[in-house]
Each structure stands twice: as structure tokens, then as C-alpha cells.
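A short write-up of the structure that comes next.
When a ligand or atom number is given, it counts from 1 through the structure's own listing order.
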Amino acid sequence: MAFDLVIRNGTVVSASEVLEGCDIGIQDGMVIAIGRDLPITEGVEVIDAEGAYVTPGGVDSHCHLSQYYDPGPGEEQRTQTTDGTIPARYNFSGDDYESGSRSAIAGGTTTIISFAIQFRDDESLRPVVTEYHKLAEDQAYCDYSFHVIVTNPTKTVLEQDLPALVGDFGISSIKIFMTYASAKLSDYQILDVLDTARGLGITTMVHAENADMVDWVTDRLEQNGMVAPHHHGTSRPPLVEAEATNRLVTMAELMNTPVLLVHVSSALATKVIRKAQTRVLPVFGETCPHYLFLMAERMRRNGFEGAKCVCSPPLREDSSDLEAIWHGVQNGTFTTISSDHAPTKYNHSNGKLKGLHGHEPHGKFKHIPNGLPGLETRLPLLFSGGILAGRITPQKFVELTSTNPAKLYGLTKKGAIAPGYDADITIWYPQEKFKPFALDNDMLHHDIDYTPFEGYEFKNWPRYTLLRGKVAFSEGKVIGSMKDGKFVRRSTSQLSTPRAPGKNEWLSLRGNLTSLKN
Ligand code: DUC
Ligand code: ZN
Ligand code: ZN
């Protein structure tokens, strides 16, 4: 067997096993052998991984790059084109594909699935996907795919674009919102989307928060002058998330189709998902590192700087929420842990300070863009605060951060170190050789002026990240190129299939799969 590269003597982790003293043979960007003492012929590149964990490259199935998603109350959604090619609606203040994917690779993530958002006045999804291809092509250090955010389920979208998504575009998932004036769908529209998704084998991701509850509480808070950053959390209590989660689960059951609740933050919503799973409904859950490591008090720190930790759903007040999320990670309620990297700079006119300017002295939380940076820190945080803290096993780490997201979203060559799979591999430091350090934002590779994990002690970090057999990150340095990352076409989910319409004849009105399982 001729290898281009052999990773020698590592502790290779899969979602089920930890194999010590294992070699990995790579040829043409693909894993072709795993075993002990693989033959090393002259000229073969060798990476010594003795004493180190070797994990499949991370798959981050939820991040926002080149996306300006919520213009905020009273502002126009569309603005004019600035350079003739890319509309100014992408004039956001977060990461683009270059900086975001660079940061992914530096944190051990080799595939990202980011969002292509339809704006309300877009009749069709096709130009949206084309635009995002333009934004990402030759700009990515890691492989990438898109989920499409549907904000306007027109007849064209339901009858032509969604059916074309899987076959023509290689995209098998969509996201919908139950909150935000500029994005939310009515329950009627959600049913339309779920009905169509079932027939096509599309996995629907849902942002579940009750929009009216948020607006009603926000109005009361404003009337009482309670507008500082931490009141963002007050305006979106756990009940807001739990109600929408429950409503969505009910709609998914009616429609008999798989759904994934994204960025779950509270004990109450976790319970709703767990209960649905106990009833064997195809309901999946995703959570994020910030709901495992950060709490609402962060929004009270340093005056308006608390805005740095404003995200939706919000960080929670009560440590019992954080513990419930850890339990959900441990007991299998959550299928994936994604970063929900949705950053904006702090010090930027379109960034967090937008919530302060014009609303001095305390700012107004409803004008603060929602979201946190976290692509680069996702895996190292879960390695230090999960595996090394004894909260999860190395196998669970791999399952939640790579194998499951790959399977759930139909990335058939990602998520495992196995013959025939892409050689996307993260090699950690041998534990005894690693000197723990406190994180400083300057160490990160994103284009954001802060990290919510500043000062957190990291006890390990990816030493090498390999993308399809090529070392892209080595001992603190990104050595890959932004032409290395490729768009990956996806199949339908390997974790679930839509179910047969059963006795509900009205469900079959829109094209169902011909070979449905019951
Ligand atoms: N939803 C996300 O998925 N990310 C950031 C903000 C939001 O509301
Ligand atoms: Zn969301
Ligand atoms: Zn998100």
C-alpha cells in the first residue's frame, strides 16, 4: 500500500472507540488504512502523534459567515449595492468566509455548514444560493456547505426551489425562525414548509422562541426604563423558548417529519425535546458551548460591554439551566454541539455598539445585534471543559462535534477516521507536553475584536489540523490557503428519514418520497 502520509502511533478516537497506538495511512486526501505499524516506505511523510488524541476533523453545522441577518427595529432590510456584485446587505460586521474558515481550521474544524439567508422580498431561493457560492468560493480554508434560511415560503420556493435543493444544489437542510420580525414564519407557513420538507427528505432546523412573548415583555421593560444589555435576557425567559419548542414539536408530529431544535439553552426546552424523543418522534436537539460555559451575569459586566454576550436565546440566569444542558449532552438528548458562531464586532457601527449609539447612556438592548463568536474555541473548550473535566468521554466529544453533525446533514465522507473517508483529522498535543494558557483574543484567527471566552484556561489545543490529507494548521500557525476549502454536496440525512404520511391523507398532497419508511 502506498501512502502519501502516515500519522503514527496516535490515540485514535471514534464515536464508539478509543484505539491506542494506531497508525493512519492517507493517500490522495483520503484515509485508506488504519492499523498498527503500517509500512512506511521512502518519501512518505510522517506525523508523530505518540501520546496524543487523534480525532476526526470537527464538523461545525451551525455558523453564520458573511451574513447580516437582523437589521433591527425600524431599519431597512435591503440597502443598495455598493460594488456592483455583492449587495450591501452583506455589509455586516462579522466574519466573512476567509476569516471565519481560517478561525475554524485553527480550532480543529475542517467542515462548516453556514447559512444562506433568503430575505423577505426574495421570491426564490436560487439567487440566494448563487450569491453565497460567490461569497465563499476560493475564500475558505476549510470545506463548507450551506443551510438555506427560508423567510418567505412563496409558491416558487415550496413548489420549485425546495424540490431542487437536494438534487440540483446538494443542500439537504433549511432553517426557519419563529421569532424576529424580519425572519419569523407564521404557524401556517411553518406547516407548509414542514410538509414540503417531509416529502423531500430535507432536515428542518428551527429557531424556537415565541416572538409575541418577547415583544410584549420588551415593551414592558422599555416602559420601565429597563433597557441595559442584561435585560435582553429578561425579555427572553426560558418559557419563551419552551413554548415555541413545544409548539414546533407538535407541528412536526402532525407533519410526521424530522426537525432539529437549534441552539437550545434552557432546562425547560431540553425537557420538551427529551419527552418528544421518549415518544420516538424524530426530534433532534443542538446546543452550543456558550450554554455550557457562560451564564447571564456576563451581560452585566463592565457597563455596556455586557453587550458582548448578547445572543438569542440568551445566556441563562440560573445554573440549573446550564446543568440541564450538560445532562442533555451526556444522556443523548442533544445530537450535536455547534458553535452558532454569529459574531459582530464590538467596536463597529454595525456591531454591538449599535445598541448604545443614539441610546446613551445605558443603550437599548433591542438594538444590539444578537450572537457570539465561537468557531475556533468550540472544540478546545469541549476538550478542556468536557473531556479533561470528566464531563464527557472522548467518544462523546467526537460523536457530538463531528460524527453526528456529519450524519445528520448528509456529509457522507466526513465525521469519521475510516477507510474511504476524507482525511480530515485533528491531532491534539500529548497531554503532558501541553502548557495550559489563559485565552487572549489576539491568539484567535477570527476578525472579531473580542471573545466571550477571554481568560478561560485551555488545557489543550489542536496541534495539527489536516484537511483532506493536507496540513492546514500546524502548532499555532495557519499554513493552508483560502483556496483549499471546497463546497461539499450533501445527501439527505443519515440519522433519520421522513416517515410515511400514514393515515393523514392530506399530508400526501405535496410530493412525498416514493420509498418511505414507516
Ligand atoms: N440565531 C442564530 O441562530 N444565531 C444567532 C442569532 C440568532 O438568533
Ligand atoms: Zn437562531
Ligand atoms: Zn445561528
Side-chain angles (χ1 to χ4, degrees), residues 59-73 77 92-95 100 104 109 112-118 132 144-151 173-185 190 193 203-211 213-215 218 229 232-233 235-236 240-241 244-245 248 259-266 269 273 284-291 294 299 307-316 334 336-345 350-352 354-355 365-375 378 405 409 446 448 452:
V59 176
D60 195 335
S61 53
H62 184 153
C63 52
H64 305 262
L65 301 179
S66 298
Q67 191 192 318
Y68 178 57
Y69 40 86
D70 192 358
Q77 205 166 57
F92 63 112
S93 79
D95 275 312
T109 288
I112 53 176
I113 314 182
S114 45
F115 294 91
I117 184 167
Q118 176 198 27
Y132 271 90
Y144 59 92
S145 177
F146 309 119
H147 311 284
V148 175
I149 296 177
V150 177
T151 61
S173 49
I174 54 175
K175 182 182 176 189
I176 55 173
F177 284 84
M178 298 171 82
T179 190
Y180 294 134
S182 61
K184 73 170 182 194
L185 303 188
I190 292 175
V193 169
T203 302
T204 306
M205 311 160 82
V206 186
H207 179 133
E209 288 186 294
N210 180 312
M213 283 183 176
V214 173
D215 290 348
T218 301
H232 169 76
S235 73
R236 306 174 105 95
V240 161
E241 185 184 38
T245 303
L248 191 274
V259 287
L260 172 98
L261 279 305
V262 292
H263 47 50
V264 176
S265 68
S266 65
I273 295 168
F284 299 95
E286 171 206 83
T287 192
C288 315
H290 39 281
Y291 302 122
L294 303 176
M299 288 183 279
K308 290 177 176 175
C309 284
V310 164
C311 59
S312 289
L315 302 177
R316 297 301 177 191
F334 293 112
T336 65
I337 302 181
S338 312
S339 65
D340 192 5
H341 182 81
T344 57
K345 289 185 186 66
N350 269 340
K352 298 286 186 184
K354 204 167 115 179
F365 70 80
K366 80 176 184 191
H367 296 284
I368 301 170
N370 286 198
L372 310 179
L375 246 175
R378 178 184 71 126
Y409 295 113
H446 59 194
I448 303 301

**Message:** Checking S265 against E241: is there a side-chain donor and acceptor pair closer than 3.5 Å?
**Reply:** yes
**Message:** Please determine whether any non-hydrogen atom of H62 lies less than 4.0 Å from an atom of ligand 1.
**Reply:** yes
**Item:** Pair D60, H341: side-chain N/O donor-acceptor within cut-off below 3.5 Å
**Value:** no
**Request:** Could you confirm whether H341 has any N/O/S atom lying under 2.8 Å from the Zn ion (ligand 3)?
**Result:** no
**Request:** Could you check which of H341, M205, K175 puts a non-hydrogen atom nearest to atom 3 (O) of ligand 1?
**Result:** K175
**Request:** List every atom of ligand 1 that sits less than 4.0 Å from any heavy atom of H263, numbering the atoms from 1 in the order shown and giving each element.
**Result:** 1 (N), 2 (C), 3 (O)
**Asked** Under the 3.5 angstrom rule, does the side chain of H64 hit a backbone N or O of P343 as a donor-acceptor pair?
**Response** no
**Asked** Do Q118 side-chain atoms and T151 backbone N/O form a donor-acceptor pair below 3.5 Å?
**Response** yes
**Asked** Do any nitrogen or oxygen atoms of H207 lie less than 3.5 angstrom from nitrogen or oxygen atoms of ligand 1?
**Response** yes
**side chain to side chain contact (heavy atoms under 4.5 Å, CB included) partner of C63, chosen from I112, D340, D95, I113** = I112
**Message:** Is there a side-chain contact between Y180 and H207 in this structure, where contact means two heavy atoms from C-beta onward sitting under 4.5 Å apart?
**Reply:** yes
**Request:** Give a yes or no answer on whether the side chain of D215 reaches the backbone of M213 with a donor-acceptor pair at less than 3.5 Å.
**Result:** no
**F115 heavy atom under 4.0 Å from ligand 1** = no
**N, O or S from A342 under 2.8 Å to the Zn ion (ligand 2)** = no
**Complete:** Checking distances from the Zn ion (ligand 3), one finds that the N, O or S atom of D340 closest to it is OD1
**Request:** Please could you name the atoms of ligand 1 that A342 approaches to less than 4.0 Å, counting only its heavy atoms?
**Result:** 4 (N), 5 (C)
**Message:** When you measure from the side chain of K352 to the backbone of K345, do you find a donor-acceptor pair of N or O atoms at a distance under 3.5 Å?
**Reply:** no
**Message:** To make sure I understand the geometry: which N, O or S atom in H207 is closest to the Zn ion (ligand 2)?
**Reply:** ND1
**Request:** Please verify whether a non-hydrogen atom of D340 lies at under 4.0 Å from ligand 1.
**Result:** yes
**Asked** Can you tell me if H62 has an N, O or S atom under 2.8 Å away from the Zn ion (ligand 3)?
**Response** yes
**Prompt:** In H263, what N, O or S atom is nearest to the Zn ion (ligand 2), if we give its atom name?
**Reply:** NE2
**Request:** Verify, without hydrogens or angle tests, whether T287 (side chain) and V264 (backbone) share a donor-acceptor contact under 3.5 angstrom.
**Result:** yes
